There are 2 protein chains.
Amino acid sequence: MVTLQDVARAAGVSIATASWAVNDNKNVRIPESTRRKVRKVAQELGYRQNAMARSLARGQSDLIGFISDGVATSPFAGQVIQGAQDEAWRNGKILLVVDTNGDAGMERRACSFMLERQVEGIAYSSWVHHAVRPPRDLDKVNSVLVNCFDSEGRFPAVVPDEVQGGRAATDLLLQAGHRRISFVNAVDPSPASQGRLQGYRDALAAAGVAYDPNLVIRCAADQEGGYGVVEQVLASGATAVFCHNDRTAMGLFDALRERGLHVPEDLSVVGFDNQEIISAHLHPALSTVGLPQYDLGVLGIRTLLERGAEEGAEDAEDGEGSALAYKPIRVTCPTVVRRSIRNLAPVSEV
Amino acid sequence: MVTLQDVARAAGVSIATASWAVNDNKNVRIPESTRRKVRKVAQELGYRQNAMARSLARGQSDLIGFISDGVATSPFAGQVIQGAQDEAWRNGKILLVVDTNGDAGMERRACSFMLERQVEGIAYSSWVHHAVRPPRDLDKVNSVLVNCFDSEGRFPAVVPDEVQGGRAATDLLLQAGHRRISFVNAVDPSPASQGRLQGYRDALAAAGVAYDPNLVIRCAADQEGGYGVVEQVLASGATAVFCHNDRTAMGLFDALRERGLHVPEDLSVVGFDNQEIISAHLHPALSTVGLPQYDLGVLGIRTLLERGAEEGAEDAEDGEGSALAYKPIRVTCPTVVRRSIRNLAPVSEV
DNA sequence: GTGAAAGCGCTAACAC
DNA sequence: GTGTTAGCGCTTTCAC
């Protein structure tokens, strides 16, 4: 292994000068010629910094922990991590990712591991948007919740704006002229099912359409669920359906086709989640509202880093007592228009 | 921050003894009482090892790099990483994951980053099984290729056994009594399309069924591809189809349904990949052959670690010249039986 | 058995 | 401007 010492010796300078030259430290004035020489020698010798030693000396690791409960199981987690990684990288940090698979013991161990590694913060994420009780150790370090939140607001959190998303989905249908719109929601209460319902109601209200509880149908949030509610949907007399997610829509598509019915001629459909593998490839392709996964990752890390910077600044204020609980940052869900909506009316400017 | 020094002082022992007690070092004889006292003090003080300092002193980082070209984009990558992480963890190592998104510059930077971090090895993985040219830096360290390989065999590689998988898929159909079996393959040549075709032919040959090139249909390996070849499939007179992947099968399902045809009554179908979100939820659910993603990850890391151990042992042998190229390790693809196959004959013992 | 002390490779005061 | 040097927190050899 080539050390800085070797480089310094070979370049005929002191180890300090070598360090400055290699790091291109502007605070110290070294002639450009020396800088170049050192760097050339370093290159030739195949010198590579030892980040361990550097971190130890500087008291800064440039590491950020990322705890996820399902990179493996969920098609969503990957995008979140990608966003987080990109944002971290942009700030000269690197992500230490651990997938706990939802296991609490694993979570604790992951935290320890990260803290031992001197991470500068931990992003704790869940693949499904819900309330969580993060491991105790999490408040020992600058941390942030991604796609989840703690009810007490002890941590900053970044989550998708389910209400806005539900409203956007419904608006898509309203704008196409539909007035009798069914909402096939998930049975289980969750930020998603509650928020999207709220959004659905908000959209209807804004459009002056009365809310009819009979149009809200509930089922398991997957293909089988959607497949099973087809009769209810048809019986409701709706001309359009907003499905809780793309999987439900996929099941509904299957059931409709078996009855010889066509989307969007017989029924317009909007999904949620934008699971590309489904939504982009159904026949016809499904209009839907996407989850801002990548952005959640980016904003999570950004929030973490900003808070880290503040912490450095605030000398007086003692964090412990800061009574004001964090309000989750809500991220907009993007609309994705495809072919599953039939236009009943000429598009009006809304 | 509580250091080992603090613990030692508080426990009234030397820093060395404290280190031994904390690490429960068996090579040195310290009375159990002292060990316990030190550990108790450490606990009380909230002491936590500094992995940076430890690594620096021991010259061992316990870090393994994992480069992937698509955690985000692919539903496959997640499982591979999960397997890799589990196996690493089991050996007291932690994974440093970087997603390069297929960008060569990013790959190089990721390598540098990892080498600076003193990783003990790098697993380089691709989400699609294919030949790769890994970044130059990769041979500076113990490394392994996962779900990909280099043509020169310079690195150990772990890949799915496409031939066995293709054979398994075809066997499923043969065992159900089908003799006229179509293979809807991908157009592009790849280890997957070539291997699965080979497996298809092997299975037919073993069953004494003549290979008929007319039964091999080619299309894009996605839903649109499968949707588009329905006429060809029907015209071929096949009673069963082996699709290159689940997405193709999904497209085919849609096209069949639009023609009022049913799976498996009118046509039996087998997919490949076992993309659960599709295969488990089609109507009927799709029989398929899974990719051994988790195992690829596990075996990748295991291979890495084993090679690392060997390296330590082999003093005499100079690795550089070892002419024998690595042969990829082929991992068995598991069969997943669901409802999309019609039994033509009573099951015979095979 | 236990402690003193010499590093691990690098950074950053502080001299000169 | 450049070099000297004291750490960063921990491990481990070598005395006692």
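Bear in mind the structure is a predicted one, so any value in this text is a computation, not a measurement. In what follows, every heavy atom counts, from backbone to side chain, and hydrogens, waters and symmetry copies are set aside.
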Of all the nucleotides listed ([options]), which has the minimum atom distance to the side chain of [X]?
| X | options | value |
| --- | --- | --- |
| A/Ala53 | C/dG9, D/dT4, D/dG9 | C/dG9 |
| A/Arg54 | C/dC10, C/dA4, D/dC10 | C/dC10 |
| B/Ala57 | D/dG7, C/dT2, D/dT11 | D/dT11 |
| A/Asn50 | D/dT4, D/dC10, C/dC10 | C/dC10 |
| A/Pro31 | D/dC10, C/dA4, D/dG1 | D/dG1 |

Rounded to whole Å, please give me the gap between [atom1] in [X] and [atom2] in [N].
| X | N | atom1 | atom2 | answer |
| --- | --- | --- | --- | --- |
| B/Asn23 | D/dC10 | CG | C1' | 9 Å |
| B/Ile15 | D/dC8 | CD1 | C1' | 12 Å |
| B/Asn27 | C/dT2 | CG | C1' | 15 Å |
| A/Arg58 | C/dC10 | CZ | C1' | 10 Å |
| A/Leu56 | D/dC8 | CG | P | 9 Å |
| B/Lys37 | C/dG1 | NZ | P | 16 Å |
| A/Arg117 | D/dC8 | CZ | P | 21 Å |
| A/Gln5 | D/dT4 | CD | P | 11 Å |

May I have the step-by-step check of side chain to side chain donor-acceptor pair (under 3.5 Å) for A/Asn147 and A/Gln293, ending in yes or no? CA-CA 8 Å; A/Asn147 203 34; A/Gln293 296 139 191; over 6 Å; no
At 4.0 Å (heavy atoms only), tell me whether [X] reaches a base, stays on the sugar-phosphate, or touches nothing.
| X | value |
| --- | --- |
| A/Asn25 | nothing |
| A/Met1 | sugar-phosphate |
| A/Val28 | base |

Under 4.0 Å between a side-chain N/O of [X] and OP1 or OP2 of [N], yes or no?
| X | N | result |
| --- | --- | --- |
| B/Thr17 | C/dG3 | yes |
| B/Ser14 | C/dG3 | yes |
| B/Ser19 | D/dT11 | yes |

Comparing B/Leu4 and A/Gly12 on DNA chain D - which has the more 5′ nearest nucleotide: A/Gly12
If only side-chain N and O atoms count, and only distance matters, is there a donor-acceptor pair under 3.5 Å linking B/Asp150 with B/Tyr326? no
Tell me, yes or no, whether the heavy-atom count around B/Arg109 atom CZ, taken from other residues, nucleotides or ligands under 6.0 Å, exceeds 12. yes
Does CD belonging to A/Gln43 count more than 12 external heavy atoms closer than 6.0 Å? no
Are B/Glu32 and B/Arg39 close enough for a salt bridge, meaning some N to O gap below 4.0 Å? yes
